[in-house]
Protein chains: 2
Amino acid sequence: MTEASEHDGATPERGAAVPGQDGHGGGTGDAGVGTRTRSGTGAGAGAGTGAGDGAEAEAGTGAGDAGAWAERSGAARPGRAAAPPVPRVRLVDVAREAGLSKTTVSAALNGTGRLSPEVREKARDTARRMGYRPNATARQLRAGRARLIGYVVGELADTPWTFLESPYFARLTGATAATALARGYAVVLLPAGSLQSEWAALPLDAVVVADPVADDRIVEDLLAARIPVFSDRSVEGRPGAHWVDVDATAVVGQTLDHFHAQGARRPVLVVPDSTTRFHREVDAAHRAWCAAHGLPVLSVRAAEPGNGPVIQAVETALGVGPDRPDALLVVAEASPPLVLDAARRIGYDVPGDLLLACVSEDETAVHTEPPVTTLSLRPDAVAEAGIAHLVAVLEQGLRETGGALVPVRLDVRASSVRRG
Amino acid sequence: MTEASEHDGATPERGAAVPGQDGHGGGTGDAGVGTRTRSGTGAGAGAGTGAGDGAEAEAGTGAGDAGAWAERSGAARPGRAAAPPVPRVRLVDVAREAGLSKTTVSAALNGTGRLSPEVREKARDTARRMGYRPNATARQLRAGRARLIGYVVGELADTPWTFLESPYFARLTGATAATALARGYAVVLLPAGSLQSEWAALPLDAVVVADPVADDRIVEDLLAARIPVFSDRSVEGRPGAHWVDVDATAVVGQTLDHFHAQGARRPVLVVPDSTTRFHREVDAAHRAWCAAHGLPVLSVRAAEPGNGPVIQAVETALGVGPDRPDALLVVAEASPPLVLDAARRIGYDVPGDLLLACVSEDETAVHTEPPVTTLSLRPDAVAEAGIAHLVAVLEQGLRETGGALVPVRLDVRASSVRRG
DNA sequence: ATGAAAGCGCTAACAT
DNA sequence: ATGTTAGCGCTTTCAT
């Protein structure tokens with residue numbers, strides 16, 4: 001079967017899509033063009049080529065307007081609401097129009113092969129004039145991968161999209177998408193606790209699983225489907241799974257050391273009741289730190305990560321017993337201004353009789369009075385390290401599942417510095 | 001070329017991927033299998049089929065474990081770090097293994113065609129046992145579309161990913177992804193102010209453009225590429241562009257009416273200096289409302305949408321002249337607790353001598369003392385209406401570009417209710 | 001009821 | 001230097 005006859009039978013309309021035809025006569029009769037091409041195959045091809053040559057000079061006027069033909073074509077069919085959508089221009093259409101082969105045009109457009117400058121230019125020009133855009137799916141099929149990565153968080157599976165409302169995940173999500181895109185990968189958003197059915201139809205090269213919870217099946221499902229997984233340290237050792245993580249022990253250590261240096265002897269910890277590795281490690285690190293310093297283990301668990309439950313836990317933490325705490329570390333995404341207000345309502349002066357620090361990426365912390373000390377988990381760094389690793393695995397065939405620990409950053413502000 | 005010979009030359013390794021082989025002997029010599037299949041073509045195919053039949057009984061134990069073979073296969077090659085990745089199981093592999101044709105297996109798996117129950121079951125069972133997963137890209141190519149939609153916001157193009165940190169966009173993004181996914185479309189995140197180069201390689205069926213700014217090229221570029229655009233009302237009338245929007249006039253009207261009913265006569269507006277349709281309309285509606293009520297037009301523009309600039313604008317707004325305002329409407333994504341604190345620092349009692357309302361999706365508003373009145377722009381409703389429209393356009397070929405106006409919702413809380 | 005073959009649009013060996 | 005051809009993996013007429 002020749003290229004020319006590909007248009008017969010299966011897709012008789014295609015001839016009408018040849019750009020030169022609309023560009024040629026302008027108002028010479030849209031219906032006439034359609035009729036002509038529908039009847040004679042060879043004639044359609046011939047007319048298209050001829051018209052294209054004529055239109056070439058005209059197209060020279062606007063260099064960058066790849067959409068010129070498309071717009072013209074659309075404008076030529078104003079009232080036709082029920083008309084079938086114009087078929088897209090394919091490589092073969094450009095090739096025929098330019099009087100070249102698919103190979104040549106492909107090489108010209110991709111900058112591959114050895115072509116004479118004139119031919120390359122002719123191919124490119126024709127493609128531009130016709131508004132040709134390569135079919136991404138066909139390229140992907142050919143390439144064997146889609147350069148698409150999934151992004152899913154483990155926490156908050158009962159409210160599958162609220163993770164975006166947490167400053168930490170918002171940042172992590174953005175940074176992941178940004179870094180990936182810079183490497184040529186697009187990110188698709190999946191709901192927390194995604195099921196097979198939600199990603200099975202997607203050509204995912206890999207999936208990033210942020211903070212998986214202890215009992216979710218996501219990681220296993222993905223690995224069973226032989227999709228590389230990039231997650232936190234909890235996946236360490238699983239074949240096909242890779243990790244990057246923050247140093248949870250350092251989170252606790254750095255902050256409590258800082259409190260201690262300021263004279264605090266009764267620091268209290270507020271942490272959500274979560275089964276992510278991070279929260280479990282924070283808890284363990286806290287106990288260890290207190291034991292090592294001979295201080296009481298004061299902590300309150302928030303029922304959930306939201307502002308409401310965390311503020312409530314803060315109130316509980318600050319109200320305990322006759323011996324009130326003298327420092328508060330909130331390891332949960334709560335709004336710093338709200339935490340500060342809560343402490344005040346209970347009667348604390350910050351930092352007078354309570355040092356305050358929050359693990360948070362929320363920029364409101366710098367706008368309170370006093371500004372609130374925060375500990376950043378460096379979502380941008382996590383994303384960068386993760387995507388770098390991902391690219392290495394996908395493109396250099398890296399097999400090692402070793403991961404990386406990203407250091408956290410303590411931003412000391414007035415809320416945790418004893419005055420005087 | 002027969003099906004059997006497809007494995008020759010091009011992909012000599014494939015024979016080794018037949019599941020039965022790994023399941024068969026366990027430690028009988030992994031290298032031997034590789035060598036065997038690499039040398040003899042006919043032998044490889046034959047061995048694979050035979051081994052598969054043997055493994056069939058074994059696989060009957062676990063019904064739902066689609067990944068059983070995959071895991072077994074991986075476990076069988078523990079030390080081989082440099083081994084080429086195991087090729088994926090294709091439809092033809094399943095067909096050969098089951099002794100059926102591609103057609104039959106495809107029909108069996110998709111529930112199409114008329115097949116005998118036994119054959120259908122056999123095909124399905126074999127596919128499951130082999131861990132077959134259809135190649136999404138091939139399906140997309142066949143189907144002519146990828147069920148993939150892009151999502152990009154217009155605002156904040158200088159910091160292309162911070163939009164996720166705004167509660168409104170976080171919600172809109174999540175709701176868009178959720179609604180789309182429920183309809184079978186996945187959402188890819190694009191940076192604010194995306195260029196052609198960032199989405200050109202993606203098989204996007206459509207793109208959602210949230211709040212385009214006046215001068216950005218995104219919408220034009222997409223339309224020129226004949227990609228359907230779903231955006232706000234600012235794209236009204238453009239062929240190929242569809243819209244859903246919030247009623248910006250109602251935002252101002254409802255809130256100022258509410259203030260007015262509470263006795264406020266000097267309401268002041270804080271709005272960011274942005275060229276989105278929403279902000280421009282808010283500004284216009286404000287002037288109109290003030291004129292209609294014979295009240296002075298008090299407003300302050302924040303340089304940018306962030307917390308810092310908006311709080312600064314609030315301070316300016318509340319400090320103006322000898323006649324202090326008696327109500328404040330913040331139409332910008334600022335943290336309600338911060339706005340409240342700012343008002344207090346300047347010396348206002350809320351709601352005693354200042355009524356306060358914020359256009360915000362930030363849930364911290366309910367946790368302040370007093371809770372802050374908010375006006376929700378209903379991102380969930382916007383997303384739902386938008387995606388519903390998108391699906392209608394993409395799947396029912398809807399051509400009308402008419403859009404929909406989503407009503408806003410005023411949540412009156414103590415911050416805007418005069419006491420007594 | 002089942003299978004053979006065409007072809008979605010593209011790229012890359014392999015001619016010429 | 002340019003063209004011909006064979007697939008990527010799947011679904012779908014159309015025969016049988």
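On a predicted model such as this, the values are computed, not experimentally measured, just so you know. Labels below follow one simple rule: chain letters A, B, ... track the order of the sequence lines, proteins then strands, and each chain is numbered from 1.
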Enquirer: OP1 or OP2 of D:dC10 versus the side-chain N and O atoms of B:R90: is any pair under 4.0 Å?
Expert: no
Enquirer: Specify the residue among B:P117 and A:N135 whose closest nucleotide of DNA chain C lies further upstream toward the 5′ end.
Expert: B:P117
Enquirer: After noting the C-alpha distance and the side-chain angles of A:R147 and A:E395, does the key distance pass the salt bridge (Lys or Arg N to Asp or Glu O under 4.0 Å) rule?
Expert: CA-CA 11 Å; A:R147 302 193 78 93; A:E395 298 182 0; 3.0 Å; yes
Enquirer: Rounded to whole angstroms, how far apart are CG on A:L91 and P on C:dA12?
Expert: 12 Å
Enquirer: How bent is the helix from C:dA1-D:dT16 to C:dT16-D:dA1, measuring the angle between the end axes built from five pairs each, rounded to 10°?
Expert: 50°
Enquirer: Considering just the side-chain nitrogens and oxygens of B:S101, establish if one lies under 4.0 Å of OP1 or OP2 belonging to C:dG3.
Expert: yes
Enquirer: Using OP1 and OP2 only, check whether a side-chain N or O of A:T103 sits under 4.0 Å from D:dT2.
Expert: no
Enquirer: Would one find a side-chain N or O of B:S106 under 4.0 angstrom from OP1 or OP2 of D:dT11?
Expert: yes
Enquirer: Using the side-chain heavy atoms of A:N110, tell me which of these nucleotides is nearest: D:dG3, C:dT11, D:dT12.
Expert: C:dT11
Enquirer: Grab the CG-P distance between B:L115 and C:dG3 for me, whole Å please.
Expert: 8 Å
Enquirer: A:R114 CZ to D:dG3 C1': how many Å, rounded?
Expert: 12 Å
Enquirer: I need the NZ-C1' distance between B:K102 and C:dC8, as an integer number of Å.
Expert: 13 Å
Enquirer: With a cut-off of less than 4.0 Å, is there a side-chain N or O of B:S116 near OP1 or OP2 of C:dT2?
Expert: yes
Enquirer: Side chains of A:S101 and A:T104 only: does a donor on one sit below 3.5 Å from an acceptor on the other?
Expert: yes
Enquirer: Atom CG of B:L141 to atom C1' of C:dT11: distance rounded to whole Å?
Expert: 13 Å
